[in-house]
Amino acid sequence: MVIVLRHDADARAVAAALQGLGLWTRPLDGGPGPVMVEVQPHSATVAVAAVLAVAGVAQVRTRRSPHPRVDALPNRYLLACAAGVEVEFGGPLPILIAGPCAAESEAQVEATATLVAAAGGRLLRGGAWKPRTSPYSFAGTGSTGLDWLAAAARRHRLGLVTEAVSELQIDAVAALADMIQVGSRNMQNFALLQAVGRTGKAVLLKRGRGATIEEWLMAGEHLLAHGATWVLFCERGVVGLDPHTRNQLDIAAVALLHHTRALPVAIDPSHGCGRRDLVVPLARAGVAAGATAVLVEVHPDPALAQSDGPQALTPPLLTELALALGLPAVEQRLVPKPHYTSRFKDFYQRSVEDRRRTLARHLDLTPETQAWLRTGGLPVEVADRMTENVIGTFGLPLSVALNFRVNGRDHLVPMVVEEPSIVAAASNAARMVRATGGFRGDATASVMTAQVQFDHVADVEHAGVRLRERRAEIQQLANDSIPRMVARGCGCVDVDVRVLDVEAGLLVVHLYVDVGDAMGANVVDTVAEHVAPVVQSWVGGDIGLRILSNLPLRRIVHVECDVGAEFLGGERLADGVARASRFAEVDPFRAATHNKGILNGIDAVAVALGQDWRAIEAGAHAYAGLGSDYGPLSTWTRTATGLHGTMELPLAIGTVGGSTQANPGVRAAMELVCIDGARQLATVMAAAGLATNLAALRALAGEGIQQGHMRLHARKGAVQPAVVVGSGLASVDAAIAGVASAPEDGRNHKGAARDGAA
Ligand code: MEV
């Protein structure tokens, strides 16, 4: 960058002001004409506008970049892999790419892929052809090794990245790899770069061990100029002075590419240091500096490795790395543990530490969850990648509601909520319901609704008829945009066309998309955006919104239960709950509060499990108002023995993607609740809502709220002086939790209400 000074500028003052911005300058020798200074290479990156704002600066001249395609490279990238998975680079979690230095045998590749998948790795790496310094060293197993790698990657639902060492192998590698690696030795092999670029694949470009950053970026420009879809720059160490490490890992280069250039960069600590004992700390350093991916070598038994054994991670070190990077080991989380239970005696009376120990022991919690329970929270670096303008993280209590049994299986229900009594209320109600078998329920397939709006469509009613005739074509179009989802048995299952305003020519196409275990917002928005222009070419008009509906009427969860009057506290309370339910059915003012009592439970679980609770609230209230007047989502009716409760609502939640993967607290909560997918989770969440609803109605139908208020206040006052004194809410809380209730069976329900451990 060259800065031209005004003719009347004080050059010293300008230089000092620029230095204040982080720009060190050197005067350019000039003859007549304006004074010019050149910005030195070690200066910070500063916006041109900020330089122009310095008094005395007349003009800023920036040189044309020699690598415009690299400069425009996005650091977020979705890699669709042949194994039917999508790997999103640039998201909140680093992507672990791991595998052997070389594919040595089918068994070694299979064992390594198993380790990589279990550790939460997303791509398998491994060399089929190995460029070696010595002609006598093991040079790989060639195309046979490539086949082993591709088959293992597919079996373990991993992407595959492998190196093309010369133009001879490019076709074979491009046919099987999801990403092609250009190795360090080949970084400036321009013929190879061009040939790899022409495959149109994503490329992992290792930095040459003697290459400057500018040379590395220019190699990336070669790839992009010849057609590569994306380049991930991989720092793997440069020539250093000291023999203790094989190379000198250039962390500054990672920070520079990430922070000043916003480029996608990976770190390869295995080659960076050449010794396994330093790989984990260097990987952490790379991620802290901004690496979006970590590439490591691992071997089931490094002592037997035919190449690079000293730097290959052992299986336990790979697990340590995954934990250090905060990666989810998905399989471990969802498998039901043999001693899993939602019943713990006197849980509320124990210390927090004792509760954690109890859960760790009885539920056989993973080391990751145990570690997270001890420290809690969200690393601020992860938070910073989740959203914008992050300045910190924010704490709320994480609790577990006990006693839940849903469809014959126990579930501990994690809840994050600040309002006192909700957890106790849920546990208490779940204990009552458990006595008659627990909750029963089911959820429909996870079918989300996308809406595509068209305005000013001529003869809109006729256009609607024509579109209905082409529903199968629209469905196919939709599925074309999400081939990976379709490969997994999901995808667009139906299409609907609604004419909403004949005069305005307003027509809406609904796309119903089965999103599997995802919440699905991104999937359906992709589908809507893909379908819109084609449909427009058929019916004309103007494309409007292309977005999901938060009223997903084909994604409904139903839950019900029976409660014996004796467990509820007597016939009078059972009558009272049924009367309260009737009240909500005929009065929207009451129905709103009734539904709030349901969402007390559902929202608390939603926050703990990283779900979009705004979408849940929108869907629940819209469903409550559908058709006629706004009404209750649940109803309670008297039976010969007590009460029957039933509830139904749309619930768009997911167990894969989004913050489920990124937030370690969410991963811990997922392990606690122990569900095997989105439909089961929806059923458990609905059961939690029905439980808090029952507890609220029971309390309100009983002694009322005032006595409870006084007692809760007395109890909490001792430990929590800041509680809202005199608030009606606190008094309702007490009654709901059962703290104040005088049970008709004469037992002291205080303890039982807190954890339901009868
Ligand atoms: C308070 O958080 C919830 C209740 O108002 C629900 C209800 O009235 O049913 C107690």
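Whatever order the structure lists them in is the order used to number ligands and atoms, beginning at 1. Just so you know, residue 1 is the first one in the sequence shown, and it goes up from there.
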Glu617/Arg614 salt bridge by N-O under 4.0 Å criterion: no
Verdict with supporting geometry, Met485 and Val513, side chain to side chain contact (heavy atoms under 4.5 Å, CB included): CA-CA 10 Å; Met485 292 293 284; Val513 184; 5.8 Å; no
Ion pair Asp494/Arg554, N-O distance below 4.0 Å: yes
Ion pair Arg434/Asp410, N-O distance below 4.0 Å: yes
Ligand 1-proximal atoms of Asn600, by part, heavy-atom distance under 4.0 Å: side chain
Any N or O of Arg590 closer than 3.5 Å to N or O of ligand 1: yes
For Thr593, the ligand 1 atoms whose distance to one of its heavy atoms is below 4.0 Å: 5 (O), 6 (C), 7 (C), 8 (O), 9 (O)
Enumerated ligand 1 atoms positioned under 4.0 Å from heavy atoms of Glu419: 1 (C), 2 (O)
Check: Asn407 side chain, Gly441 main-chain N or O, donor-acceptor pair, under 3.5 Å: yes
Atoms of ligand 1 close to Gly597 [distance to a heavy atom under 4.0 angstrom, numbered from 1]: 6 (C)
Subset of ligand 1 atoms that lie under 4.0 Å from at least one heavy atom of Leu700: 7 (C), 8 (O), 9 (O)
Charged N-O contact under 4.0 Å between Glu560 and Arg440: yes
For Lys596, the ligand 1 atoms whose distance to one of its heavy atoms is below 4.0 Å: 1 (C), 2 (O)
